[in-house]
Undergrad: 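Structure incoming, see below.
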Amino acid sequence: MTGDAHTLTRAQRLKNWLSRETTGGALLIGAAFLALLWANSPWRESYQALSDAVVGPAAIGPVPVHLDLSLATWAADGLLAIFFFVVGVELKQEFVAGSLRNPKEAGVPMIAAVGGMAVPALIYVGTVLLLGEPGALHGWAIPTATDIAFAVGVLAIFGRGLPTAIRTFLLTLAVVDDLLAIIVIAIFYTSEIHWLALLGTLVCVALFGWHVRSRKPRWFVLLPLAVVAWALMHASGVHATIAGVLLGFTVPAVALHGEATSRTSQYEHRIKPLSSGFALPVFAFFAAGVTLVGGDGPGSVIGQPVVLAIGAGLILGKLVGVLGTTALITRITPLRLPDGIGVRDLLPVGLLAGIGFTVSLLISELSFGDSEHTDGAKIAILSASVLAAILGGVALRYDARQARTADMNLDGRPDDVRDYIGDTKDRETH
């Protein structure tokens, strides 16, 4: 009995460790770094062979199920659906009971998220046109994404002593960014829709939503429904990860049947360790393995116009978009920042928003496939994300050392700030 309790405790500790923002960011970076090392080692052919290895069922009956996929594709289309399910659950929680419940309070970060996507896209388009590479225009959405896990992880490490309202602002911005990125993927990166398969997906999602609201939903009912919904979405032509978002949206965000917590909180707690501890690192491992040796050398990859366009979009575009939009909105409208934070605090937030990583890597694959721009896009995403994390960390430490006024958000009332990143209360709730 003691042994079982001890094992359970160790398992719970592992789940808690995998759920931390810092752990997720570290595993992402580690997996990407390992992939880069392997892809540029003398054994790089084995990495490519592993990525290209096809796994899946053969045709079932007269109709092929289109699931004989390479491991790299399984990671992008399959494992990322787990990540997007968690995103869908988080979005549902935020819209019903979280930071997006009150549009007036969420107004500034929501509008900042739009600016933080529009400016990088414009910078990307302008750069590739200026450098004479109109064939790369399809990648305009690559620098518009923000990696929540990575960005919040950096904030948790370097933002100690700053008001927790900064985390809330960053989370709200990143959640809206994710929602818009999902819409962009669904609209702009879907070439052909098979409506019957899409209808089948929606039926499975509806059944999933019905059962997940029952008194005692069973995993052996939910899991097959989720798998079939994903497979049908894959066959429909819409990117399969969208199925994860739709399934996440069906989970109720209010406590049901006398439960202490909402099912969105319960499911996020259960699935997030799998997402951050396995799905995302494996995706990063297969997505980040860019070979720079051989061929025309690293200069031919790094010198591509898409590298500068994506780098400028993520670093400069996100910063200008988030900071500029917030400054403008708080000047010309009644909307104000939350108590305790001012426009100066959004300098590090704008830099952290430039950590694209997961969704940016996905969009780069959807944009270019195996074309000549793919490797350059991935190198730009990885380099710019790491640089944004470093600059954001430095800006956070500088900001934490500066004196703060009694009315940081300039709303004419003294700020009521009681919680700070890294203090005891904050650690207990996060």
Undergrad: Walk me through whether Tyr47 and Phe285 qualify under ring pair (Phe, Tyr, Trp, His ring centres under 6.0 Å).
TA: CA-CA 10 Å; Tyr47 172 83; Phe285 174 79; 5.4 Å; yes
Undergrad: Would Trp74 and Phe286 count as a close aromatic pair, with their ring centres under 6.0 Å?
TA: no
Undergrad: Assess the residue pair Phe158 and Val394 against the criterion (side-chain contact (heavy atoms from CB on, under 4.5 Å)); give the C-alpha distance rounded to whole Å, side-chain angles, the decisive distance to 0.1 Å, and a yes or no.
TA: CA-CA 8 Å; Phe158 296 100; Val394 171; over 6 Å; no
Undergrad: State which residues pass side-chain hydrogen bond (donor to acceptor under 3.5 Å, both in side chains) with Ser70; sequence neighbours excluded, sorted by chain then number.
TA: Thr73
Undergrad: Between CZ of Phe33 and CG of Leu36, what distance do you get to the nearest 0.5 Å?
TA: 8.0 Å
Undergrad: Can you check whether Tyr189 and His138 have ring centres sitting under 6.0 Å from each other?
TA: yes
Undergrad: Between Pro252 and Val212, what is the shortest heavy-atom contact and its length?
TA: CD-CG1, 3.8 Å
Undergrad: Check whether any side-chain heavy atom of Arg263 lies under 4.5 Å from a side-chain heavy atom of His257, and answer yes or no.
TA: yes
Undergrad: Considering residues at least two apart in sequence or located in another chain, which fulfil the side-chain contact (heavy atoms from CB on, under 4.5 Å) criterion with Ile157?
TA: Thr22
Undergrad: Once you measure the plane-to-plane angle for Phe208 and Phe85, does it fall in the parallel (<30°), tilted (30-60°) or perpendicular (>60°) bin?
TA: perpendicular
Undergrad: Quick one: side-chain hydrogen bond (donor to acceptor under 3.5 Å, both in side chains) partners of Arg270, sequence neighbours excluded?
TA: none
Undergrad: What verdict does the side-chain contact (heavy atoms from CB on, under 4.5 Å) test give for Asp177 and Val114, after you've listed the backbone C-alpha separation in whole Å, the side-chain angles of each residue and the deciding distance to 0.1 Å?
TA: CA-CA 7 Å; Asp177 188 293; Val114 175; over 6 Å; no
Undergrad: Return the minimal non-hydrogen interatomic distance between Leu232 and Gly200, and the atom names on each side.
TA: CD1-C, 3.5 Å
Undergrad: On a heavy-atom basis, which atom in Ala279 and which in Leu79 lie closest, and how many Å separate them?
TA: CB-O, 3.5 Å
Undergrad: Can we say Asp419 and Arg167 salt-bridge, meaning some charged N sits less than 4.0 Å from an Asp/Glu carboxylate O?
TA: no
Undergrad: For the residue pair Phe357 and Phe150, categorise the inter-ring angle as parallel (less than 30°), tilted (30 to 60°) or perpendicular (more than 60°).
TA: perpendicular
Undergrad: Once you round to the nearest 0.5 Å, how far does CG of Asp345 lie from CG of Leu170?
TA: 12.0 Å
Undergrad: Using only atom types and a distance under 3.5 Å, with no angle test, would you say the side chain of Ser385 pairs donor to acceptor with the backbone of Gly356?
TA: yes
Undergrad: Distance from Leu352 atom CG to Leu319 atom CG, nearest 0.5 Å?
TA: 10.5 Å
Undergrad: Would you check if Phe278 and Leu27 make a side-chain contact, meaning some heavy-atom pair closer than 4.5 Å?
TA: no
Undergrad: Can you name the side-chain hydrogen bond (donor to acceptor under 3.5 Å, both in side chains) partners of Lys378, sequence neighbours left out?
TA: Glu365
Undergrad: Is the CZ atom of Phe249 crowded by more than 12 outside heavy atoms at less than 6.0 Å?
TA: yes
Undergrad: For Val359 versus Ala181, what's the shortest heavy-atom pair and its separation?
TA: CG1-CB, 4.1 Å
Undergrad: Any idea which heavy atoms bring Tyr124 and Ala309 closest together, and the distance?
TA: CD1-CB, 3.4 Å
Undergrad: Counting heavy atoms not belonging to Leu196, are there more than 12 under 6.0 Å from its CG?
TA: no
Undergrad: Phe84 pairs by side-chain contact (heavy atoms from CB on, under 4.5 Å) with which of Leu246, Leu247, Ile242, Ile182?
TA: Ile182
Undergrad: Under the rule for side-chain hydrogen bond (donor to acceptor under 3.5 Å, both in side chains), what residues qualify as partners of Thr358, not counting sequence neighbours?
TA: Asp147
Undergrad: Decide yes or no on side-chain contact (heavy atoms from CB on, under 4.5 Å) for Thr291 and Asp375, but give the supporting numbers first.
TA: CA-CA 8 Å; Thr291 301; Asp375 287 350; 5.5 Å; no
Undergrad: Go through the steps for Tyr267 and Leu222 under the test side-chain contact (heavy atoms from CB on, under 4.5 Å), then give the verdict.
TA: CA-CA 12 Å; Tyr267 280 56; Leu222 294 177; 3.4 Å; yes
Undergrad: Under a 3.5 Å threshold, yes or no: a donor from one side chain and an acceptor from the other, between Thr241 and Trp230?
TA: no
Undergrad: For Ser262, give me all partners under side-chain contact (heavy atoms from CB on, under 4.5 Å), at least two apart in sequence or on another chain.
TA: Gln93, Thr264, Ser265
